[in-house]
Amino acid sequence: MSILIDKKTTVLVTGITGSSGMLQTKAMLDAGTKIVAGVTPGKAGREVYGVPVYDFISDAKKEHEFDTVISFVPPKFAMDSCFEAIDAGIRLLVLTTEQIPLQEIVKIVGYARAHNTIIIGPGCAGTIVPGMCKVGSHPIQFFKPGNVGIVSKSGALSYEIGKTLSDNDIGQSQVVAIGGGPIWGFTQKDAIQHYEEDPDTKIIVLLGEIGGGSEEVAAAYIRKHVNKPVVALIVGRNAPKGKNLGHAGAIVTGNIGTATTKIAALNEAGAIVVKSPADLVKKIQELEKQI
Amino acid sequence: MNLFEYEGKELMKKYEIPVPLSGLVKDYEVLPETELPFVLKGQVDSGGRGKAGAVQICETEEDFLEKAPEIMSVKVKGRQVVGLLAEEMCKVDKELYLSIMLQGVSKPTLIISEMGGMNIEEVAASDPDKILKVEIDPFTGLKSYQLKMISKSIQSVDAKKLSTFIKKIERMFVETGAVLVEINPLGVKNGELIAMDSKIVLDDHVTSMAEIRENFEERRNMLPGYISPEVEKTTVTFIPLEGNVGLISDGAGTGMMSLDLLYDEGLEVSSFAELGGMTSEKVMYRALELTFNNNQDIKALLIVLIGGFNRMDNMAKAIIRYVQEHNITIPLFTRMCGTKEVEGTEMMERAGIKTYYDLTETVKTLAASVRGGVE
């Protein structure tokens, strides 16, 4: 059993007829994901790679059972589409959409929490269980089954580290990319908590970034509640101050969000902090021998 | 978009938030219409104006003629003063601090303090009990009991007047979709509240505000000291830096990691370029253009690509075209993998450009090359 998704997960895709929606639907089907329906308002009756399309989630619900929604809806309509998904009583919502206004993100995350829907994102690559299925955009060729659980803000960094580990014959139990922030539904701390409880995960990898304080929150959790080994890599150590490096959350202002404070907090919490993918591989190989 | 004080105050007027009378100075050799004496305030995208000498009182016309160019030449924490606001002298009985922010917090948060006019972070450090923070639920807005709590903490202002003022600020914050509305100081004059300063940060992703943002941007061109920023039309994030190795990546996280790996090898990066979103041949070509235009003398270029839905054949096309069109002779270190990897690497090979598979190896080879070793 892995966290968040497994082979029983059934998925509805919102924004399924858009270019990303179609591409990703195909890739998810190829990865073994059970996609039962799609939604794009005004496009009911169409099919995308054999998946029936509906106008509303409630229409799809009459015909199909699903517990998860992945959204490729453009920013302007994302909030409403999320509300619709949450109102349908789903368990998990993966929100890939970027550039949603911050005040709307606060509403989406708040509404999801109030209705017990887990929301990964916004602006995220989603999650993959290698060899089983995925709800997101992780290219399957970079991953292989195993017992390392990865949580990353960045999507591409989770591909990069997944690939590096797979190239060195280290498999993964699950990979979650939660988005570049600065506001998240599912957080690094939440992922670590899930991995700690997941019997398939033996080693936890935290891929952090400069900016904000979420790594510090994760560190506080690790210190109190985590017994499994955590290996952390914080990127952006040498990034210039006050500049935004592609992720809205990845910005150092004053002394807040520096790599130094994050690394110190993680070290203090008992995590093993590495500086490069090569060191990450070395540490995990050492840990695997001990387990 | 970080609004200048005069822009923020214009927005405030729309929401019937009292501000002092003021006028933007159009000509620094002509006394503005604002009645003397007035405060001449440098418009600059930074705090700490007063200390830097960008806010001065003008008693006479001579005063103005002397001080206007002086303030225009001031830099506040590295930021140039771009314009001047002449504002009526406003003697107040008390200065408060008020803001609603959504920066570094997960919910809009109202902050209010009796200690106005100072840097709020310093107050937070020295007198944390003099600051009240109230989280605003976006579905209910500020609740009555929260307003009562706020009023109780600010004894110097009539509770009803304070609540009315705060409700206006909240309405402006919500309707404009702002990420920061800060009034510091918030003056109290004969029991009435007046916004002496304004710092507003708008969210660039709020589409309903697009027209207002464009209008502000257009009118900024009237400011003599304002240089309009170059707006990148593609999805590329480009940050010029000081080193001599170029860096292009197709992800923010991998870009930052590559930057770290280069620094760990003792190298410095000339610029950071991230392709962003759904990339294409055009976007990759643009990233190359930005990198080489920024610094023609780079010693090497690192390109880190991991194709999810980014196709390596498209990336190869852009790189080959740019190299051939611009006769690039410096060594390129391109890590290519993922979607259409075989096609991409074959195209690169035919064009005589080496590609790599492992990122660590790529960086180490680049470092050796720059240090004068063998490629």
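Quick note: numbers below take in every heavy atom, side chains included, and nothing from hydrogens, waters or symmetry partners. Each chain gets a letter, A, B and so on, in the order the sequences are listed, and its residues count up from 1.
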Heavy-atom pairs under 4.5 Å with chain A - which of [options] has more of them than the others?
options                        : value
B:V236, B:L259, B:V304         : B:L259
B:A178, B:A273, B:G104         : B:A178
B:D264, B:D137, B:L261, B:V206 : B:D264
B:C337, B:P108, B:G255         : B:C337

Largest heavy-atom contact set with chain B, pairs under 4.5 Å, which of [options]:
options                       : answer
A:P139, A:S19, A:S20, A:P101  : A:P101
A:I183, A:L23, A:I234, A:V235 : A:V235
A:L102, A:N238, A:L157        : A:N238

>> For the backbone of A:K275 and the side chain of B:D260, can you confirm whether one donor and one acceptor N or O come within less than 3.5 Å of each other?
In response: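 Looks like no, no N/O pair under 3.5 Å.
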Considering only heavy atoms, which portion of [X] lies under 4.5 Å from any heavy atom of chain A: side chain, backbone, both, or neither?
X      : result
B:L241 : side chain
B:V105 : backbone
B:F173 : both
B:D203 : side chain
B:T339 : both

>> Taking side chain as everything from C-beta outward and backbone as N, CA, C, O, which of these in A:K76 sits under 4.5 Å from a heavy atom of chain B? Side chain, backbone, both or neither.
In response: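 Looking at A:K76, just its side chain touches chain B.
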> With a 4.5 angstrom heavy-atom cut-off, which part of A:E160 approaches chain B: side chain, backbone, both or neither?
Replying inline: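 For A:E160, backbone and side chain are both near chain B.
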> How are the rings of B:F139 and A:F83 set to each other: parallel, tilted or perpendicular (split at 30° and 60°)?
Replying inline: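 Rings of B:F139 and A:F83: tilted, 30 to 60°.
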>> Go through it in stages, so that I can follow the logic: the residues are B:T234 and B:E232, the test is side-chain hydrogen bond (donor to acceptor under 3.5 Å, both in side chains), and I'd like the CA-CA distance, side-chain angles, deciding distance and then a yes or no.
In response: CA-CA 6 Å; B:T234 68; B:E232 178 56 37; 2.6 Å; yes
> Thinking salt bridges, do B:R311 and B:E343 make one under a 4.0 Å N-O criterion?
Replying inline: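 Not counted as a salt bridge, because no side-chain N and carboxylate O are separated by less than 4.0 Å.
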> Salt bridge between A:K26 and A:D30, side-chain N to carboxylate O under 4.0 Å?
Replying inline: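 Salt bridge flag = yes for A:D30 with A:K26.
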> Please walk me through it: do A:K163 and A:D167 pass salt bridge (charged side-chain N to carboxylate O under 4.0 Å, His left out)?
Replying inline: CA-CA 6 Å; A:K163 170 188 174 288; A:D167 287 347; 3.3 Å; yes
>> Using the ring centroid of each side chain, check whether A:H138 and A:F142 are separated by less than 6.0 Å.
In response: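 Between A:H138 and A:F142, the centre distance exceeds or equals 6.0 Å.
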> Do the side chains of B:M257 and A:I161 get nearer than 4.5 Å, heavy atoms only?
Replying inline: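 They are in contact (side-chain heavy atoms under 4.5 Å apart), so the answer is yes.
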>> Would you say that B:F238 contacts B:T291 through its side chain, given a criterion of any heavy-atom pair below 4.5 Å between the two side chains?
In response: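 Heavy-atom side-chain distance check passes, below 4.5 Å.
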